[in-house]
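Remarks on the structure that follows.
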Number of protein chains: 2
Amino acid sequence: MDAIDKKLLQLLQTDTKKTTKELSVKLNLSVTAVYERIKKLEREGIVDKYVALLNRNKINKGFVVFCHLKLLQHTKEFINQFEKEVVKLNEVLECFHVSGDYDYILKICVKDMEEYREFMVTKLTTLQHIGSTHSTFMIGEVKNTTVFTV
Amino acid sequence: MDAIDKKLLQLLQTDTKKTTKELSVKLNLSVTAVYERIKKLEREGIVDKYVALLNRNKINKGFVVFCHLKLLQHTKEFINQFEKEVVKLNEVLECFHVSGDYDYILKICVKDMEEYREFMVTKLTTLQHIGSTHSTFMIGEVKNTTVFTV
DNA sequence: ATTTAAATTAGAAAATAAATCTATTTAAAT
DNA sequence: ATTTAAATAGATTTATTTTCTAATTTAAAT
């Protein structure tokens with residue numbers, strides 16, 4: 001992983017529709033050299049996947065909520081059961097098990113407050129073993145990137 | 001935006017390396033039809049961009065921290081200045097302005113606790129107008145997707 | 001400094017895919 | 001029924017990716 005790879009990863013993380021030819025110009029390499037470097041990064045699992053990112057606001061997912069959640073108990077059974085169920089909820093884009101005052105931080109994307117209420121009442125709080133939840137609402141997006149500086 | 005578009009968006013959000021031919025098979029359409037639908041979704045801004053997602057753990061970014069942060073005051077000047085500076089920090093992948101007990105939730109990715117300490121001391125806490133911070137550490141990733149169910 | 005092996009790179013050729021074009025179909029409105 | 005606009009299919013052109021071979025570079029050992 002040299003400086004060229006880092007630059008290449010930067011470019012791939014930003015836009016995968018650039019042709020290998022375009023990348024080769026930016027990196028001062030031949031097309032083949034770039035091609036082989038990309039394949040290597042893929043083989044090594046550093047590049048995980050190529051995806052399209054959507055504009056939340058154009059698909060009625062502009063209402064973002066961070067939900068801090070506690071379980072009733074921290075038994076393996078309760079944890080496993082909760083985690084197994086929460087991943088199935090489409091509104092939950094992210095769920096991290098965390099240290100501290102609560103057990104999980106969830107990022108939830110829905111259309112508006114009404115839809116959030118509906119989600120809470122009919123989906124989230126029907127999961128078993130939930131002790132308490134605390135919702136924090138996004139009022140502005142300052143930074144939101146998938147790009148790591150390697 | 002019909003059912004085919006929704007299915008197409010699902011596929012694009014999961015893997016953009018599928019050829020239009022492969023997509024056309026999955027969607028029971030001709031290559032051209034798929035091609036035109038993709039271009040339309042791009043024109044409308046529903047598809048925002050195409051990116052490569054990296055494996056955090058392979059690039060020394062496996063230590064994830066959620067930092068809850070308060071400003072000293074909520075003046076426009078303090079807010080603007082903080083937001084202008086925080087976006088420049090490469091370790092901060094996400095920063096959301098939120099309602100509630102604190103003002104911002106940050107997602108920070110670094111190598112380990114040592115690097116996090118270094119980041120806090122030399123970068124984050126040197127920003128102006130910060131009142132307090134509270135760090136919560138990820139101990140497990142239950143779900144982490146960029147895929148919206150449209 | 002020289003040798004050696006491995007990795008990387010370049011350029012050309014082949015294979016594959018994207019983009020364009022024309023004609024046809026479909027669905028909605030009149 | 002007829003018109004219109006949008007969506008689709010198939011064929012063609014254009015562009016890109018992938019493979020192949022050979023040359024070059026790099027790093028380690030002598």
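In what follows, chains are A, B, ... by sequence order, proteins preceding strands, each numbered from 1.
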Value in whole Å for how far the C1' atom of dA6(D) lies from CE of M1(B)
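Distance, rounded to whole Å: 17 Å.
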Let me know the distance between NZ of K17(B) and C1' of dT17(D), rounded to the nearest Å.
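Between C1' of dT17(D) and NZ of K17(B): 10 Å.
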Note, L124(B) side chain near L106(B) side chain (heavy atom, < 4.5 Å):
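Yes. Closest side-chain heavy atoms under 4.5 Å.
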Do the side chains of I46(A) and I59(B) get nearer than 4.5 Å, heavy atoms only?
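They are in side-chain contact.
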Taking distance alone, no hydrogens or angles, what donor-acceptor pairs closer than 3.5 Å link side-chain atoms of residues 113-122 of chain A to residues at least two apart or in another chain?
unit_1, atom_1, unit_2, atom_2, d
E115(A), OE2, K111(A), N, 3.4
Y116(A), OH, S135(A), OG, 2.7
T122(A), OG1, E118(A), O, 2.7

Not counting sequence neighbours, list each pair that qualifies as a salt bridge (charged side-chain N to carboxylate O under 4.0 Å, His left out) and has a residue in residues 43-56 of chain A.
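Listed once each, the pairs are K40(A)-E44(A), R56(A)-E141(A).
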Quick one: closest heavy-atom pair of D101(A) and K70(A), and the distance?
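In this case the closest contact between D101(A) and K70(A) is O-CE, 3.2 Å.
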Locate the shortest heavy-atom distance separating I105(B) from H68(A); write the atom from each residue and the value.
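Minimum heavy-atom contact is CD1-CE1, 4.2 Å.
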Got a sec? Which of residues 4-12 of chain B come in under 4.0 Å of DNA chain C, heavy atoms?
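Correct list: empty, so none.
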Which of residues 21-46 of chain B sit near DNA chain C, with a heavy atom under 4.0 Å from it?
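Close to the strand are T32(B), Y35(B), K39(B).
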Applying side chain to side chain donor-acceptor pair (under 3.5 Å), name anything that partners [X], two or more places apart in sequence or on another chain.
X	result
N28(A)	none
T19(B)	E22(B)
N55(A)	none

Please identify each residue that fulfils salt bridge (charged side-chain N to carboxylate O under 4.0 Å, His left out) with D103(B), with sequence neighbours left out.
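Partners of D103(B) by the salt bridge (charged side-chain N to carboxylate O under 4.0 Å, His left out) criterion come out as none, since no residue qualifies.
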According to salt bridge (charged side-chain N to carboxylate O under 4.0 Å, His left out), who are the partners of E85(A), at least two apart in sequence or on a separate chain?
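So E85(A) forms a salt bridge (charged side-chain N to carboxylate O under 4.0 Å, His left out) with K88(A).
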Sidechain-backbone polar pair: T146(B) side chain, L53(A) backbone, donor-acceptor under 3.5 Å:
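Pair absent, no side-chain N/O of T146(B) close to backbone of L53(A).
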When you list every nucleotide of DNA chain C with an atom under 4.0 Å from a heavy atom of chain B, which one comes first 5' to 3', and which comes last?
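Footprint of chain B along DNA chain C, 5' to 3': dA17(C) to dC21(C).
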Does DNA chain D take part in any stems of at least 3 consecutive Watson-Crick or G-U pairs (both distances under 3.5 Å), and if so, which ones?
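Paired runs of 3+ in DNA chain D: C:1-30 with D:1-30.
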Contacts under 3.5 angstrom, residues 89-98 of chain B side chains, donor-acceptor by atom type, not counting sequence neighbours:
unit_1, atom_1, unit_2, atom_2, d
N90(B), OD1, T149(A), OG1, 3.3
E91(B), OE1, K123(B), NZ, 3.4
E91(B), OE2, K123(B), NZ, 2.7
E94(B), OE1, K107(A), NZ, 2.8
E94(B), OE2, K107(B), NZ, 3.0

